[in-house]
2 protein chains.
Amino acid sequence: MVTHSKVEAILEELEQADTLDGLQSAIVMLRDLYHVDHMIYHWVDSAGDHYGCGTYPIEWAQHYTEQNYQRVDPVVIGCYQRFHPVDWKRLDWSSKAARAFLVDAMNFGVGNQGFSVPIRGPNGQFALFTVNHTCSDEEWSALTNEHRRDLILIGHYFNQKALEFETDRAPEQAQSLSPREVDAMTLLAIGYSRAQVANTLSISEHTLRVYIESARFKLGALNTTHAVARAISRGLIVV
Amino acid sequence: MVTHSKVEAILEELEQADTLDGLQSAIVMLRDLYHVDHMIYHWVDSAGDHYGCGTYPIEWAQHYTEQNYQRVDPVVIGCYQRFHPVDWKRLDWSSKAARAFLVDAMNFGVGNQGFSVPIRGPNGQFALFTVNHTCSDEEWSALTNEHRRDLILIGHYFNQKALEFETDRAPEQAQSLSPREVDAMTLLAIGYSRAQVANTLSISEHTLRVYIESARFKLGALNTTHAVARAISRGLIVV
DNA sequence: TTGATACTCCCCCGATATGGGGAGGGAACA
DNA sequence: TGTTCCCTCCCCATATCGGGGGAGTATCAA
């Protein structure tokens, strides 16, 4: 049983943490406090830079990365489309790749029950805070119902800390797009060709190119598709 | 003073709510419970469709919309770049437009103290949950420190409800992509050219084209950029 | 067994996008 | 009053994309 004062104390301590080691030991403490097998916090993004901490065996974490499992992991895919925390049982495990992934995970010591909190930050940052355990459905349901709100808050504070540590990675984030650039990106994102976009905006195609290049530069993108992708995931345009 | 059991009760009730009126009356209750002048929940969206409820005078809400104040509102701008809730005093009010906005707001009965929780959902959804009051800095600081976590949670549950009501805006079912198609879309989304993607996946460029075309077909996309944009906004890939 | 779905490979060619330049006017901000 | 950013327009060469063909493997499920 976890009392609210305990949760408060944990959050206070989390707020004080100023090293990555502090987060790692915090998550171990949390796991013990809630009497679960595993607790994990990690960033999700297709680029290489991962950040996370938790109690999964390192072999599994490595294997996950090597296999690029986030591409097929139903937890990642499912949470990315949701706002509320979700029990793993409610996710879509029907695909072949998903079932293979699950078998693999359990071979590495991942438990049969899971509960994950999706967390979103500025600039399209996305992270997962997950609790994992081996037990019956009934026990798990009782556990998650009781601690759901604690877990939301703890995930939130965890993410706050992680953002503070990783502040160096998003230095020129405030780069916003000009109205015309937003127009251009938006129309490209809905499938218009350059000629169509230029026509829609009633400007020459040459002018349009300037906007696209400018947006590409601001977004640090390598090409138009990349720029549109970044604009969407940073929430600069809505499609 | 607000006890945790009260917060729990509120959250429970919030979860039960099934009408917009339910949210409106909930927010009035919350305002009274926390003894503040105003409490507001609203979506922030560059497009036209607003959604929100709260206790600001309707004149102010209308005026805000008419003046397109979200473009200059330091609360919106500041929260959009932050993850943690923020006291209005810590925002940047230095611009001329911001000061004019503030004067206008206070003329409409908006209090001098504010505390806003940024909330992010899938597909770039962004909302604000705000508490507003008139009092001294010391009182306000005590109030926000005491209830910060409650407000994060309440904001979260409010948003969850709002998303449920607005579920109609995301009707299209996600036609899932094959692992290879996900690979292709993901690599394209991070700026790789067709040749680079093919090389990275160790397949011929011709094969890659088959995947891209297949994904484009499944996503109903007109070109590669469109396909990537759809894959991202439907949560099929993570960038 | 048959059918469906993924995954892999190959040809040609025209349409389109990209990247490298340069240049001028206007609004806003300090 | 100058600097900075935004909007607008232009040329050219080449890399990339998109559309049209066709064909073989493997796995899984009906």
Side-chain angles (χ1 to χ4, degrees), chain A residues 67-68 71-72 93-101 103 172 174-229 236, chain B residues 71-72 77 92-100 175-229 236:
Chain A
Q67 299 288 315
N68 261 322
R71 308 260 166 90
V72 295
W93 296 90
S94 62
S95 88
K96 193 166 55 181
R99 285 195 301 269
F101 163 75
V103 169
E172 20 95 39
Q175 278 287 37
S176 65
L177 299 178
S178 77
R180 274 318 215 193
E181 287 159 358
V182 172
D183 291 340
M185 291 294 105
T186 304
L187 293 173
L188 288 171
I190 60 175
Y192 283 27
S193 71
R194 283 207 314 208
Q196 288 175 306
V197 174
N199 192 43
T200 304
L201 298 179
S202 301
I203 55 176
S204 79
E205 199 176 325
H206 307 96
T207 303
L208 174 70
R209 283 181 47 197
V210 178
Y211 297 144
I212 298 175
E213 278 174 37
S214 163
R216 217 171 40 219
F217 176 75
K218 285 182 180 175
L219 296 166
L222 299 167
N223 54 43
T224 302
T225 300
H226 193 195
V228 170
L236 300 175
Chain B
R71 298 267 169 87
V72 295
I77 296 169
D92 176 20
W93 296 90
S94 61
S95 88
K96 194 166 53 182
R99 285 195 302 271
Q175 165 99 20
S176 70
L177 300 177
S178 78
R180 270 322 210 192
E181 288 160 355
V182 173
D183 289 340
M185 289 295 107
T186 304
L187 292 172
L188 288 172
I190 60 174
Y192 285 25
S193 70
R194 279 203 318 208
Q196 287 176 307
V197 174
N199 192 45
T200 304
L201 296 179
S202 301
I203 56 176
S204 79
E205 199 178 327
H206 309 95
T207 302
L208 175 69
R209 283 181 50 195
V210 178
Y211 297 144
I212 298 176
E213 280 175 35
S214 163
R216 219 172 38 219
F217 176 75
K218 285 183 179 174
L219 296 166
L222 299 168
N223 53 43
T224 302
T225 299
H226 193 195
V228 170
L236 299 174

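Proteins come first, then strands; the chains are lettered A, B, ... in the order of their sequence lines, and each starts at number 1.
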Partners meeting side chain to side chain contact (heavy atoms under 4.5 Å, CB included) with A:Ala229 (sequence neighbours left out)
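A:Ala229 satisfies side chain to side chain contact (heavy atoms under 4.5 Å, CB included) with B:Ala189, B:Val228, B:Ile232 only.
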For A:Val182, all residues meeting side chain to side chain contact (heavy atoms under 4.5 Å, CB included), sequence neighbours excluded
A:Leu177, A:Thr186, A:Ile237
Working to the nearest 0.5 angstrom, can you tell me the gap between A:Thr207 OG1 and A:Leu201 CG?
10.0 Å
Rounded distance (nearest 0.5 Å) linking atom OG of B:Ser204 with atom CG of B:Asn199:
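So the gap between those two atoms works out to 11.5 Å.
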With sequence neighbours excluded, residues passing side-chain hydrogen bond (donor to acceptor under 3.5 Å, both in side chains) with [X]:
X	result
A:Arg209	none
A:Thr224	none
B:Thr200	none

Output the rounded distance in Å from [atom1] ([X]) to [atom2] ([N]).
X	N	atom1	atom2	value
B:Ile212	D:dG20	CD1	P	16 Å
B:Leu188	C:dA17	CG	C1'	15 Å
B:Leu187	D:dC17	CG	C1'	17 Å
A:Tyr192	D:dC17	OH	C1'	21 Å
B:His226	D:dC17	NE2	C1'	17 Å
A:Glu205	D:dC7	CD	P	18 Å
A:Met185	D:dC6	CE	P	14 Å
B:Glu181	C:dC7	CD	P	7 Å

Within the 4.0 Å heavy-atom criterion, would you say [X] contacts the bases, only the backbone, or no part of the nucleic acid?
X	answer
A:Leu222	sugar-phosphate
B:Arg194	base
A:Thr207	base
B:Asn223	sugar-phosphate
B:Ser214	nothing

Between D:dC7, D:dG18, C:dC10, spot the one nearest the side chain of B:Thr224, thanks.
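The answer is D:dG18.
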Which nucleotide in the set C:dC10, C:dA17, C:dA6 lies at the smallest distance from any side-chain heavy atom of B:Ser178?
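Nearest nucleotide to the side chain: C:dA6.
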My understanding is that only residues two or more places apart in sequence, or in another chain, count here; which of them pass salt bridge (charged side-chain N to carboxylate O under 4.0 Å, His left out) with A:Asp183?
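Salt bridge (charged side-chain N to carboxylate O under 4.0 Å, His left out) check on A:Asp183 returns A:Arg180.
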Taking salt bridge (charged side-chain N to carboxylate O under 4.0 Å, His left out) as the definition, give me every residue that meets it alongside B:Arg194, ordered by chain and number, with sequence neighbours left out.
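Once residues adjacent in sequence are excluded, the partners of B:Arg194 under the salt bridge (charged side-chain N to carboxylate O under 4.0 Å, His left out) criterion are B:Glu205.
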Just wondering, are more than 12 heavy atoms of other shown residues or ligands nearer than 6.0 Å to OH in A:Tyr192?
no
Please write out each protein N/O paired with an N/O of nucleotides 11-13 of chain D under 3.5 Å, distance rounded to 0.1 Å.
residue	atom	partner	partner atom	Å
D:dC12	N4	A:Arg209	NH1	3.4

Distance check: side-chain N/O of A:Lys218 vs OP1/OP2 of D:dC6, anything under 4.0 Å?
yes
Has A:Ser204 got a side-chain N or O lying under 4.0 Å from the OP1 or OP2 atom of D:dT8?
no
Earlier contact from the 5' end, DNA chain D, for B:Arg216 and A:Arg180:
A:Arg180
Judged by nearest nucleotide, the residue sitting upstream toward the 5' end of DNA chain C, A:Thr225 or B:Tyr211, is B:Tyr211
Hey, what are the protein-to-nucleotides 21-30 of chain D N/O distances that come in under 3.5 Å?
none

